[in-house]
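Here the structure is a predicted model, which is why all the values come from computation and not from measurement. These numbers come from the heavy atoms of this one structure, side chains and all, not from hydrogens, waters or symmetry mates. To find a chain, count down the sequence lines: A is the first, B the second, and so on, and within it residues start at 1.
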Amino acid sequence: MEDFDSLISLSESPHSDPSVPVANATYLEGLNAPQRIAVETIDGPVLVLAGAGTGKTRVLTTRLAHILQSGRAMPGQILSVTFTNKAAQEMRRRVSSILGGQHVEGWWLGTFHALAARMLRVHADRVGLSSNFTILDSDDQVRLVKQLMDLQGIDQKKNPPKVVATKISSWKDKGLNPPDITGNDLGDEADRLALSLYRPYQERLIALNACDFGDLLLHMITIFKDPAHGDVLEDYHRRFKYIMVDEYQDTNVAQYLWLRLLAKKLNNICCVGDDDQSIYGWRGAEVDNILRFDQDFPGATIVRLEENYRSTEHILAAANGVISHNDNRLGKELFTSANSGDKIIVRGLWDGGAEARWACEEMEALQSKGWRASQMAVLVRTSFQMREFEERFIQLGLPYRVIGGPRFYERMEIRDALAYLRVVVQSSDDLALERIINKPKRGLGDSTLQTLYTHARVKQISLYVAIQDLCQTEELKPKVRGTLMRLIDDFERWKSLASSMAQSELAGLILDESGYLGMWQTDKAPDSPGRVENLKELTSSMEEFEGLQTFLEHIALVLDNQDSNNQESITLMTLHGAKGLEFDCVFLPGWEDGLFPSQRSMDENGLKGLEEERRLAYVGITRARKKAFISFVGNRRMHGSWVNAIPSRFVDELPKAHIEANSEMGMYSAGGNQGRSSHWDSSGIGVQSRLVVEVERKTISGFSMGTRVFHEKFGYGKIIHIDGQKLDVAFEKSGQKRVMDSFVRQA
DNA sequence: TGGATTCGCGTTTTT
DNA sequence: CGCGAATCCA
């Protein structure tokens with residue numbers, strides 16, 4: 001449990017020390033007029049509407065420093081909220097550096113969920129929890145829903161537990177408790193089913209002393225709204241003099257309500273956001289929050305920042321041109337005083353392989369001109385597009401890193417290991433116990449589990465206690481009973497060691513004695529060594545934490561992808577992952593209708609969906625400082641089969657004056673074409689490229705291993721491998737290995 | 001219970 | 001096509 005007062009005095013101490021310089025006054029230099037206003041308008045609500053590359057986070061951190069410097073508030077009196085852990089870390093770093101290296105730990109600076117969790121630990125009793133509640137991840141949620149559905153005998157084929165869990169979560173994200181849900185929130189039969197499970201689901205969570213992610217905010221909102229607990233909100237009103245929010249366009253309703261309740265007394269809230277970068281609608285973000293700001297906070301100062309400090313003129317103009325096709329926006333026109341730079345290169349290619357080859361060729365060319373790999377990024381719409389790029393990077397030996405994918409703590413082995421620890425910390429954690437009861441295999445299958453659950457339900461006890469109970473009887477088969485008794489003995493032993501042993505040591509011991517580590521060590525699957533590695537990393541990372549409880553919370557809410565390797569490599573990630581980042585040079589492949597904009601997005605959300613996709617395009621283009629490459633292909637392999645593709649409508653929306661379309665191969669001609677299909681049919685990416693491929697096939701079929709070949713660019717070489725239509729060629733002059741499938745001819 | 005086989009489906013992703 | 005989940009069968 002946390003002690004607020006100690007936190008406050010802790011965070012105030014550096015400030016009260018006169019020898020520590022607080023904000024640097026000269027920091028305000030270099031901010032333009034509106035930014036100055038945003039920073040200096042200290043009291044009252046402020047909304048800073050700022051576009052890409054305008055330095056939003058800088059405004060926020062400068063303001064934070066300014067408030068401290070002017071003595072308007074102590075560090076513990078500012079609530080500073082961001083969206084992701086990465087952003088929170090970045091903000092912590094910046095604030096700390098402005099304030100001359102002060103520690104910002106213990107400040108109210110972090111993600112919505114982490115801050116709400118911190119509050120809820122203190123007030124847990126108000127909603128029937130105790131302060132050491134477990135935070136469940138989405139996996140646990142689904143399992144819980146499934147259990148409830150099993151119990152009620154609901155057909156899970158028609159109504160997958162995952163869908164029900166998602167629905168419940170989305171209600172929570174809207175700030176809705178079961179009684180708040182009215183006819184308007186209920187669409188179809190599936191919604192009504194989800195609602196019927198919502199209440200028992202909540203009861204079960206309370207019984208387990210657990211919260212899901214949505215609860216962290218929802219419980220706090222419930223407490224804040226309840227007059228019986230008026231003291232809680234009053235306390236926070238007294239505590240927080242200023243509230244600051246980054247990326248306001250991404251807030252969902254629950255986050256908005258939480259903020260509004262906290263801010264309504266003093267109205268000192270400052271939000272920063274860009275409605276054109278709202279790309280998380282599909283997970284509940286409400287652009288309306290930002291559009292409605294001045295109604296929610298009457299008298300709000302609204303500052304528009306339109307000067308972009310990141311990109312050159314052509315890039316910015318292209319981004320502006322695309323986003324101007326959206327109707328539902330506040331409207332900004334970014335400008336820059338930077339030079340015009342290079343036009344955006346637009347290129348049509350035959351298929352994904354050719355696209356990757358072309359992009360990599362461009363990257364190599366840039367590298368040879370001195371551009372850094374770490375300043376190049378490939379931003380894709382969906383992760384399956386990464387594969388072709390990865391293959392090509394490997395073939396060419398280009399250093400690259402993939403950002404995204406399953407997070408460390410979402411990996412199966414990590415969750416399993418955590419489940420063991422959870423049972424040790426709180427043996428009534430049924431979900432955790434269920435997860436690992438038969439991992440490694442102990443011969444405890446479905447039927448045994450069923451027996452245990454039935455007993456637990458009848459007696460109203462936890463699974464763990466049910467096992468202890470049943471082992472006293474003759475109900476179970478001797479073999480099963482023996483196994484269970486041994487398992488319980490193990491847990492009891494681990495529990496008794498918990499107080500005397502360092503937790504990282506204990507975790508190692510548990511993983512070892514339970515046979516879980518051994519299970520992966522003997523597993524011969526190719527990814528097993530990696531899993532063993534991850535488990536070792538988990539135990540070693542535990543050393544710095546005070547206790548298991550603290551560690552588990554850190555895992556659930558704070559631990560982020562450790563992307564500390566700022567190595568000299570090309571970044572490969574999704575467009576979503578790229579928000580907030582910038583690169584000198586950005587590649588945007590796969591601009592084909594159906595892929596980008598995504599068909600599903602348009603089907604499910606119509607115009608709204610399309611506009612969100614367009615904002616994604618805007619985000620993509622504006623990541624580039626100096627160079628942007630956009631490409632589309634005529635043939636895309638999607639889930640196994642080849643589909644014909646037509647260029648994205650966003651390609652047509654790029655203002656012609658700011659792009660350079662490649663005409664050499666007759667792929668795409670800027671200007672002249674009106675209908676979207678016209679580039680396709682008349683200027684004919686398909687027709688021309690098809691010829692190339694046919695020629696290749698003929699050419700390649702005449703070759704065999706060891707054949708000497710000549711390439712215009714790389715000189716003479718020898719074929720060292722043939723795979724279908726692709727040739728691996730080792731070139732004599734450079735000593736390089738290349739994969740070629742075009743322009744190869746005999747010497 | 002658990003290995004083997006078929007089935008089905010296929011964005012984006014944070015906490 | 002390629003993977004995870006559901007289902008089948010020993």
- request: Run through A:Asp250, A:Val245, A:Thr82, A:Leu216 and flag the one making a side chain to side chain contact (heavy atoms under 4.5 Å, CB included) with A:Phe112.
  value: A:Val245
- line: The single option from A:Arg615, A:Glu247, A:Lys56, A:Arg329 that satisfies side chain to side chain contact (heavy atoms under 4.5 Å, CB included) with A:Asp274 is A:Lys56
message: Please list, in numerical order, the residues of residues 250-258 of chain A that have a heavy atom closer than 4.0 Å to any atom of DNA chain B.
response: none
Round to a whole Å and report the spacing from [atom1] of [X] to [atom2] of [N].
{"X": "A:Met386", "N": "B:dT13", "atom1": "CE", "atom2": "C1'", "value": "12 Å"}
{"X": "A:Gln385", "N": "C:dC1", "atom1": "CD", "atom2": "P", "value": "21 Å"}
{"X": "A:Ile437", "N": "B:dT1", "atom1": "CD1", "atom2": "P", "value": "11 Å"}
{"X": "A:Lys479", "N": "B:dG2", "atom1": "NZ", "atom2": "C1'", "value": "12 Å"}
{"X": "A:Glu391", "N": "C:dG2", "atom1": "CD", "atom2": "P", "value": "11 Å"}
{"X": "A:Lys172", "N": "B:dT15", "atom1": "NZ", "atom2": "C1'", "value": "13 Å"}
{"X": "A:Arg637", "N": "C:dG2", "atom1": "CZ", "atom2": "C1'", "value": "10 Å"}
{"X": "A:Lys86", "N": "B:dT15", "atom1": "NZ", "atom2": "P", "value": "10 Å"}

query: A:Arg381 side chain to A:Ser598 main-chain N or O, any donor-acceptor pair under 3.5 Å?
result: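 Judged by distance alone, no pair lies under 3.5 Å.
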message: When you measure from the side chain of A:Thr251 to the backbone of A:Tyr256, do you find a donor-acceptor pair of N or O atoms at a distance under 3.5 Å?
response: no
message: From C-beta outward on A:Thr111, which listed nucleotide comes closest to its side chain: B:dT1, B:dT15, B:dT13?
response: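 Closest nucleotide among those given: B:dT15.
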- prompt: Counting side-chain heavy atoms from CB outward, which of B:dT15, B:dT1, B:dG2 is closest to A:Phe213?
  reply: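 The answer is B:dT15, which lies nearest to the side chain.
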Under 3.5 Å between N/O atoms: give me all the protein pairs with nucleotides 5-12 of chain B, atom names plus distance.
unit_1, atom_1, unit_2, atom_2, d
B:dT12, OP1, A:Ser383, N, 3.0
B:dT12, OP1, A:Ser383, OG, 2.5
B:dT12, O4', A:Arg381, NH1, 3.1
B:dT12, O2, A:Trp282, NE1, 3.4
B:dT12, O2, A:Arg381, NH2, 2.9

query: Of A:Lys441 and A:Phe83, whose closest DNA chain B nucleotide lies nearer the 5' terminus?
result: A:Lys441
query: Do you see a donor-acceptor pair shorter than 3.5 Å between the side chains of A:Asp276 and A:Gln249?
result: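 Looking only at side-chain atoms, A:Gln249 and A:Asp276 do not form any donor-acceptor pair under 3.5 Å.
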message: Could you tell me if A:Arg392 and A:Gln395 have a donor-acceptor pair between their side chains, going purely by distance under 3.5 Å?
response: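 Yes, because at least one side-chain N or O of A:Gln395 sits under 3.5 Å from a partner of the opposite role on A:Arg392.
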- prompt: Just checking A:Asp212: base, sugar-phosphate only, or nothing, at a heavy-atom cut-off of under 4.0 Å?
  reply: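 Touches nothing.
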message: Please find the pair of heavy atoms, one from A:Gln277 and one from A:Tyr618, that lie closest to each other, and give the distance.
response: CG-CE2, 4.1 Å
message: Can you see if the side chain of A:Asn85 gets near the phosphate of B:dT15 - specifically, an N or O under 4.0 Å from OP1 or OP2?
response: yes
- request: Hey, can you tell me if A:Trp171 and A:Tyr198 have their rings parallel, tilted or perpendicular (30° and 60° cut-offs)?
  value: parallel
message: Can you check the distance between B:dT11 and C:dG4, where both ends of the measurement are the P atom (answer in whole Å)?
response: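 One P to the other, the span is 13 Å.
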task: Kindly confirm or rule out a cation-pi arrangement of A:Arg357 over A:Trp350, judged by NZ or CZ under 6.0 Å from the six-membered ring centre and within 45° of its axis?
output: no
